[in-house]
Amino acid sequence: MSDRVKLLNEEAERNFRRLKGNPYWGRGVIEGVAPIGRYSMSLYFVMGRSDNSRNRILVADGQGNVRTRVADPRKVTDPSLIIYRAMGGQSDLYVVSNGEQTDGVLRADAAGYHWSDGLRAYGYEPDAPNFTSRITGVTNLRGGDGDPIVSLSILRCSPFNSTCDQELYTYRGLAPGFGRCITTYSGDGSPLPPFDEKPLLVPINSADTEEVAKSYWGQLDEENRVSLVVRRIDLVTGDRLFHVINQYKRVAQD
């Protein structure tokens with residue numbers, strides 16, 4: 001192992017441990033590549049402090065999508081920002097996000113525009129005083145060389161005024177065994193402080209979706225974690241595999 005790779009491994013492990021040391025990241029997106037380079041890995045997690053934020057689960061629909069659903073309909077106060085398609089894909093473009101912008105990205109792509117044009121209609125979430133950032137990850141398999149092009153976008157409230165800043169990061173040829181992570185917040189507080197760093201380098205230590213899901217679930221604060229999903233894409237066949245963990249069980253409606 002070269003000195004550079006050793007340093008990158010150490011950085012990734014530090015950030016992995018850092019996840020556990022923070023009680024509240026909000027929502028998070030990780031895009032990476034399994035140690036077996038054949039697989040692209042995407043991870044999305046949800047944390048919540050309020051009853052409304054915690055009142056949800058993630059559900060894979062068997063059609064390549066993962067959606068948020070209400071866990072207990074009796075406790076719903078505002079479904080507008082908690083119900084959305086978190087993961088979706090089409091024609092070798094795969095999206096994960098913390099809101100309705102998943103659909104916007106896929107609509108733009110289907111219409112022949114660049115996927116990032118689909119974010120123009122969105123800003124940060126209108127949930128004053130937090131103004132939660134919209135975070136999005138895209139895995140593009142259309143490069144033709146077998147390596148996914150990974151992009152991460154953050155739509156964040158400007159620290160100077162009410163305008164929306166966008167940060168867009170693109171990685172061509174992520175090394176197997178590594179991923180990049182963005183979150184909505186950098187910690188607990190009132191209002192919640194936004195995540196304002198470059199995407200964190202984190203480890204992807206397995207091609208097994210359940211193993212990866214459990215490892216990251218274990219790093220999230222037990223009181224605030226709500227749901228998590230890992231999606232694996234076979235870069236050769238395009239097959240997708242999902243593993244979901246939910247803190248709460250869905251309550252059947254009468």
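Predicted model, so just to flag it, every value in this text is computed and none were measured.
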inquiry  = Is the distance from the ring center of Phe45 to that of Tyr216 below 6.0 Å?
reply    = no
request  = Test Leu8 against Phe178 for side-chain contact (heavy atoms from CB on, under 4.5 Å), laying out the working first.
outcome  = CA-CA 9 Å; Leu8 290 174; Phe178 291 99; 4.1 Å; yes
request  = Examine Val212 and Tyr94 and state if one hydrophobic cluster contains both, with Ile, Leu, Val, Met, Phe, Trp and Tyr joined whenever side-chain heavy atoms are less than 4.5 Å apart.
outcome  = no
Salt bridge (charged side-chain N to carboxylate O under 4.0 Å, His left out) between Lys20 and Glu222, worked out = CA-CA 10 Å; Lys20 195 175 186 67; Glu222 292 185 12; 5.7 Å; no
message = Once rounded to the nearest 0.5 Å, what's the spacing between atom OG1 of Thr184 and atom CD1 of Ile135?
response = 5.5 Å
request  = Measure the OG1-CG distance between Thr77 and Asn55 for me, rounded to the nearest 0.5 Å.
outcome  = 8.0 Å
Step-by-step salt bridge (charged side-chain N to carboxylate O under 4.0 Å, His left out) determination, Arg85 to Asp103 = CA-CA 7 Å; Arg85 175 162 56 159; Asp103 294 335; 2.8 Å; yes
Check: Asn224 side chain, Pro23 main-chain N or O, donor-acceptor pair, under 3.5 Å = yes
request  = For the pair Arg38 and Asp234, find out whether any cationic side-chain nitrogen is under 4.0 Å from an anionic carboxylate oxygen.
outcome  = yes
note = Value for CG (Leu228) from CD (Gln219), rounded to nearest 0.5 Å, stands at 11.5 Å
request  = Answer whether the closest heavy-atom distance between the side chains of Trp115 and Ser151 falls below 4.5 Å.
outcome  = yes
message = Using side-chain heavy atoms (C-beta onward) and a distance below 4.5 Å, is Arg67 in contact with Val59?
response = no
ask   = Roughly how far apart are Asp165 CG and Ser158 OG, rounded to 0.5 Å?
value = 4.5 Å
Verify same cluster id: Leu168, Val138 (apolar side-chain graph, 4.5 Å) = yes
request  = Quick one: closest heavy-atom pair of Leu141 and Ile233, and the distance?
outcome  = CD1-CG2, 3.9 Å
key: Residues, nucleotides or ligands: over 12 heavy atoms within 6.0 Å of Tyr248 OH   = yes
inquiry  = Just so I know, are the side chains of Pro148 and Val33 near enough to count as touching, which here means a heavy-atom distance under 4.5 Å?
reply    = yes
Heavy-atom closest contact (Leu58 atom, Ala86 atom, distance) = CD2-CB, 4.4 Å
request  = Look at the side-chain heavy atoms of Ile, Leu, Val, Met, Phe, Trp and Tyr, link any pair under 4.5 Å apart, and say whether Leu19 and Val96 land in one connected group.
outcome  = yes
ask   = Is there a donor in the side chain of Ser80 and an acceptor in the side chain of Asp78, or the other way round, less than 3.5 Å apart?
value = yes
ask   = Are Val76 and Leu81 grouped together when hydrophobic residues (ILVMFWY) are joined by side-chain heavy atoms under 4.5 angstrom apart?
value = no
ask   = What heavy-atom pair brings Leu106 and Val95 nearest, and what distance separates the two atoms?
value = CD2-CG2, 3.7 Å
message = Please give me the minimum heavy-atom distance between Leu235 and Ser40, naming the atom from each residue.
response = CD2-CB, 3.8 Å
request  = Would you check if Cys164 and Phe131 make a side-chain contact, meaning some heavy-atom pair closer than 4.5 Å?
outcome  = no
ask   = Does one side chain, of Thr237 or Asp239, offer a donor that lies under 3.5 Å from an acceptor on the other?
value = yes
task = State, with a plain yes or no, whether a side-chain heavy atom of Arg56 is found less than 4.5 Å away from one of Val226.
result = yes
query = Going by distance alone, is a donor N or O of one side chain under 3.5 Å from an acceptor N or O of the other, for Glu31 and Thr139?
reply = yes
query = Hey, is Arg232 close enough to Glu210 for a salt bridge, meaning N to O under 4.0 Å?
reply = no
ask   = Met47 and Arg27: side-chain contact (heavy atoms from CB on, under 4.5 Å), yes or no, with the steps?
value = CA-CA 6 Å; Met47 303 179 77; Arg27 284 161 280 173; over 6 Å; no
key: Under 3.5 Å donor-acceptor, Asn130 side chain and Pro191 backbone   = no
task = Please report the C-alpha distance between Thr136 and Ser153 in whole Å, then the side-chain angles of each, then the deciding distance to 0.1 Å, and finally whether the side chain to side chain donor-acceptor pair (under 3.5 Å) criterion is met.
result = CA-CA 5 Å; Thr136 306; Ser153 167; 5.0 Å; no
query = Does the pair Val202 and Ile30 meet the rule for a side-chain contact (heavy atoms from CB on, under 4.5 Å), with working shown?
reply = CA-CA 8 Å; Val202 293; Ile30 297 174; 3.9 Å; yes
query = Are Asp3 and Lys6 ion-paired here, with the side-chain N under 4.0 Å from a carboxylate O?
reply = no
task = Answer yes if Tyr39 and Tyr44 sit in the same cluster of Ile, Leu, Val, Met, Phe, Trp and Tyr residues linked by side chain heavy atoms under 4.5 Å apart, and no otherwise.
result = yes
key: Distance-only polar pair, side chains of Asn161 and Thr163, donor-acceptor under 3.5 Å   = yes
inquiry  = If I compare all heavy atoms of Gly187 with all of Pro193, which pair ends up nearest, and what's the gap?
reply    = O-CD, 3.3 Å
query = Within a strict 4.5 Å, meaning less than it, do heavy atoms of the Arg231 and Val66 side chains meet?
reply = no
request  = Step by step, work out the salt bridge (charged side-chain N to carboxylate O under 4.0 Å, His left out) result for Arg142 and Asp109.
outcome  = CA-CA 12 Å; Arg142 298 171 185 166; Asp109 179 68; 2.8 Å; yes
request  = Mind checking the CH2-OG spacing from Trp217 to Ser227? Nearest 0.5 Å is all I need.
outcome  = 6.0 Å
CA sep, side-chain torsions, deciding dist, call: Val230, Phe242, side-chain contact (heavy atoms from CB on, under 4.5 Å) = CA-CA 6 Å; Val230 173; Phe242 298 85; over 6 Å; no
inquiry  = Counting the benzene-type ring for Trp, do Tyr185 and Phe195 have ring centres under 6.0 Å apart?
reply    = no
message = Applying salt bridge (charged side-chain N to carboxylate O under 4.0 Å, His left out) to Glu10 and Arg17, what does each step give before you reach the verdict?
response = CA-CA 11 Å; Glu10 291 174 352; Arg17 293 192 298 270; over 6 Å; no
message = Strictly below 4.0 Å, N to O, side chains only: are Glu197 and Arg18 in salt-bridge contact?
response = yes
query = Heavy atoms, side chains only, cut-off 4.5 Å: are Leu174 and Arg180 in contact?
reply = yes
query = So with a 6.0 Å cut-off around CG of Asp51, is the heavy-atom count from everything else above 12?
reply = no
query = Is the shortest heavy-atom distance from the side chain of Val229 to the side chain of His243 under 4.5 Å?
reply = no
task = Validate the cation-pi geometry between Arg49 and Tyr24: distance from NZ or CZ to the six-membered ring centre under 6.0 Å, angle to the ring axis within 45°.
result = yes
remark   = In short, Trp25 meets Thr183 closest at the heavy-atom pair CE3-OG1, 3.4 Å
remark   = Output for pair (Arg54 CZ, Ile82 CD1), nearest 0.5 Å, gives 13.0 Å
